[in-house]
Amino acid sequence: MIELIRKLTFPLLLALSLGLATLQAQDIELIPSGPVTYDQNTGELVATDGAQITYGDWLLSAETIRFNQESGNATATGKVVFSRYDLRLTADNLTYRPSDQFARAENFRAGNGLYYVEGNLLEGNPDNFRFEGVNFHPGEPGTFLFVAKAGELALIDQNEVRGKRLFFKVGAVPFLLIPNITQPLDAETNLFKPTIDYSGHIGALIGAEALAPVNEHIRLGGNVALTTERGFLVGPAARYSFDEENYTVRGAFISGYIDDDGEPGRGVDGELIDSDRYFAEWKHRQMWTDNRANINAYARYWSDSEVTRDFYEESFDRMQDPDSYLEANYNADNWQLSFFTRAALGEFQTYVERLPELRFTYFPTELGHGFSHSGFFSAARLQQNTVSNQSVSSNKLDAHYGIEWNKSLSDGINLRLKAGARGLRYDDAESYIQYSFGGNPAPSPDQQTFSGNRAYGELGADLNLKAYATYDFQNESWNISGIRHIFEPRLSYRYVPELTFDDSLNGRQLFYQPNTPINARGVDSLYIEQGAFANYLPSLDLENRRDADNIREDHKLRLELRNRIQTRHKDGGSRDLARFDLATDYYLKGSEYAEKYYSLLNLDFELTPAPWLELTAFTRLDPEDGFSFQEFNSSIAIKDEGYWKIAFGSHYLDGDSSFNNSFYQFQSPFYSWQTWPNYGRSWPEYRNLRLEQYFAHLEYQFSENLKLYATTRYDDESGVFYEQRIGIMQRALEQFGLQYELRIYDGDRRESDFGVSIGIDLFDE
């Protein structure tokens, strides 16, 4: 809670105490507005009827002020106001002694527009200050706003904060009570994230992630959530941070376990979810001086595919299929040695695991006369769990060496020539096939292993051009002052011949074939590195292909046309008015792809003629099918920065094209975007062959501290508005805020039709 205490005390404590600390060094001037008398017993001047004292930028006023000219001590009573341009404090009475910079105020109230603090007592000096009966509000006090209370709060030796009876609530809803706390003032920021939520399939939920410091580097705590329908979730949590002279470390851990009292349903693998549900997530980053070495790790261990969707939505929104990896790199001047491992920790996961991979990368290095060379070598143990809970694995070596020549032919024209080769070695590559007869699976699957080599060469050329044109066009309404058109065409040629390919590596390449007497369903580790679904043209360069098992003989041209239209920015420099990019491949004789399908035409468009208007569109067209749309994403946004924004958009993705038809001939459809999680339904009956959705979004900023937003999403295939959200975001404690949200769902989905949440994201780093 150290960040709360900082926010609670510093707006008043530091501004007031540091302000008082400067009084000793400045002339003090008493400005009476009424009669002034002299008290012979105390040696004080007594000013009444709204007297004032100035201390540089500070002004103290009260009904009565008693002032000692020798010591500088002052006592103010009755309608006390102590103010500066950035802070105002009122109190019943205020005492100040400049000799030891001691101040005392009773029944005080203070604020600066961002914070409001009221309390029974404050007293002390800049080194040691104590508060009693404090109430703290971000912004102005309100019925439904965040409130923090403290029975007693103290700053000790400008080094330590101590608190008693700390209490936090939103409106009338309490969510945390801390009896006592003692923390160093320079300790790292603590984390406290309470959540209040309601959703029909979970019920009402109240929970929080809270951490407390063990020392200046480590914070320990827990993650808890109580639900009315599912039970109680609890798990440890931690964060750590080290900043040493030679290295830095950052890391965090969060977890949760629940004995689910409800009906968890099925996971993406179609299996019923057990009532014992849990998740654990760990992330770690470490870097040594000058980034010569670094370690990055992220581990996600889920009991089932839906546990975070139900109980830790923040994580599920970031990643629906938990990915776990560890990467360690050593970076030299022109080479890198890396260790990488990626594991599927959940039984429901089917992605490719690397257990592990060692890789040496030699970065492009100049040889002279425009020539450079580069390469890599890797050794990996690959494994994948199949949809039938089988596992296939392979030992794989992958190496590449290439050389290239770069030449600037003239201003704006550059030529790149390259040549290289890539070789792959498979050892004990397993193949798994499950036959079925009339819908009944065979007693045992057919499993085999293969070993062999594959190698491909590469010859390529890239011709890059860059041209400019300027036009003296002016338009005050659109803030256009001159136009510059930047045109960057690029023509690339690649020839990738097959150098070696052992016959034993043909594998099985079979997939599920419905409506036949004998069906086969399987996976082959010779083809598991197919890469992820991507909606843009793959990399041209052979060394950059991550879908190593999908490389085929290729012979093609790639044309890319990049256009950018700019104008002068009012504050200097330039701003983009429009961007239009086009890219496509043309397959030549000798390419394995040329006989099966045409390359899709990719168009990417962005128009921003004024700061308040944005239009974007991305589409892929199929030339073999009359340039039909295979994908079309669009959006239009109109906004007044800092006040309001309205946006509309669409997402369209077609699952059937000349590309997909031929693609299935050598790739299992289980690697396609079309086989989204089916929750127990079988392929291909529930294959998602088309996605067509629309959305609208509205934001309205009432003030810098309050924003209203609303989002609705419509699915054309099901004909329902499948998601609607209406919410309010309120700024609290400068950059962190409260979020109140109403959720309405429709259609076939796991979440219930209705939900309400109060998300509080406070004191984060």
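All values reported here derive from a predicted model rather than from experimental measurement.
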Asks: Are R620 and E631 close enough for a salt bridge, meaning some N to O gap below 4.0 Å?
Replies: yes

Asks: Starting from the C-alpha separation in whole Å, work towards a yes-or-no answer on side chain to side chain donor-acceptor pair (under 3.5 Å) for N294 and N329.
Replies: CA-CA 5 Å; N294 57 71; N329 299 307; 3.1 Å; yes

Asks: Please name the pair of heavy atoms, one in E529 and one in L382, separated by the smallest distance, quoted to 0.1 Å.
Replies: OE1-CD1, 3.7 Å

Asks: For the residue pair F629 and F632, categorise the inter-ring angle as parallel (less than 30°), tilted (30 to 60°) or perpendicular (more than 60°).
Replies: perpendicular

Asks: Do H555 and Y493 have ring centroids that are under 6.0 Å from one another?
Replies: yes

Asks: Could you tell me whether R416 and D541 have a side-chain N and a carboxylate O separated by less than 4.0 Å?
Replies: yes

Asks: Which pairs, with at least one residue in residues 335-345 and sequence neighbours excluded, count as a salt bridge (charged side-chain N to carboxylate O under 4.0 Å, His left out)?
Replies: D323-R342

Asks: Measure the CD1-NZ distance between I254 and K283 for me, rounded to the nearest 0.5 Å.
Replies: 9.5 Å

Asks: Tell me, with the steps shown, if R425 and S451 meet side-chain contact (heavy atoms from CB on, under 4.5 Å).
Replies: CA-CA 8 Å; R425 168 69 187 180; S451 299; 4.1 Å; yes

Asks: Between R422 and E543, does any NZ, NE, NH1 or NH2 come within less than 4.0 Å of an OD or OE carboxylate oxygen?
Replies: no

Asks: From N296 CG over to R285 CZ, what is the distance, rounded to the nearest 0.5 angstrom?
Replies: 5.5 Å

Asks: Do D585 and R558 meet the salt-bridge criterion of a basic N to acidic O distance under 4.0 Å?
Replies: yes

Asks: Does a salt bridge link R579 with E606, judged by any charged N lying under 4.0 Å from a carboxylate O?
Replies: yes

Asks: Tell me the closest heavy-atom pair linking R490 and S492, and the distance in Å.
Replies: NE-OG, 3.6 Å

Asks: Using the six-membered ring of F376, assess whether NZ or CZ of R359 lies under 6.0 Å from its centre and within 45 degrees of the ring axis.
Replies: yes

Asks: Roughly how far, to the nearest 0.5 Å, is the CD atom of E560 from the OG1 atom of T584?
Replies: 10.0 Å

Asks: Using the ring pair (Phe, Tyr, Trp, His ring centres under 6.0 Å) definition, which of the options Y312, Y301, W302 pairs with Y278?
Replies: Y301

Asks: Charged N to carboxylate O below 4.0 Å: is that the case for R292 and D333?
Replies: yes

Asks: Do the two ring centres, one from H284 and one from Y240, sit under 6.0 Å apart?
Replies: yes

Asks: Nearest 0.5 angstrom please: Y495 OH to E553 CD, how far?
Replies: 6.0 Å

Asks: Less than 4.0 angstrom from a charged side-chain N to a carboxylate O is my criterion; do E327 and R354 meet it?
Replies: no

Asks: Hey, what's the ring geometry for Y401 with H373, parallel, tilted or perpendicular (30° and 60° as the breaks)?
Replies: perpendicular

Asks: If you measure from the Lys or Arg side-chain nitrogens to the Asp or Glu carboxylate oxygens, is any gap between D243 and R250 under 4.0 Å?
Replies: yes

Asks: Less than 4.0 Å between a side-chain N and a carboxylate O, is that true for D304 and R277?
Replies: yes

Asks: Please name the residue in the list D462, L588, L459 that meets the side-chain contact (heavy atoms from CB on, under 4.5 Å) test with R494.
Replies: D462

Asks: If we check salt bridge (charged side-chain N to carboxylate O under 4.0 Å, His left out) with K396, which of these qualifies: D427, D549, D428?
Replies: D549

Asks: With a cut-off of 6.0 Å (strictly less than), are more than 12 heavy atoms of other residues, nucleotides or ligands near CG of D411?
Replies: no

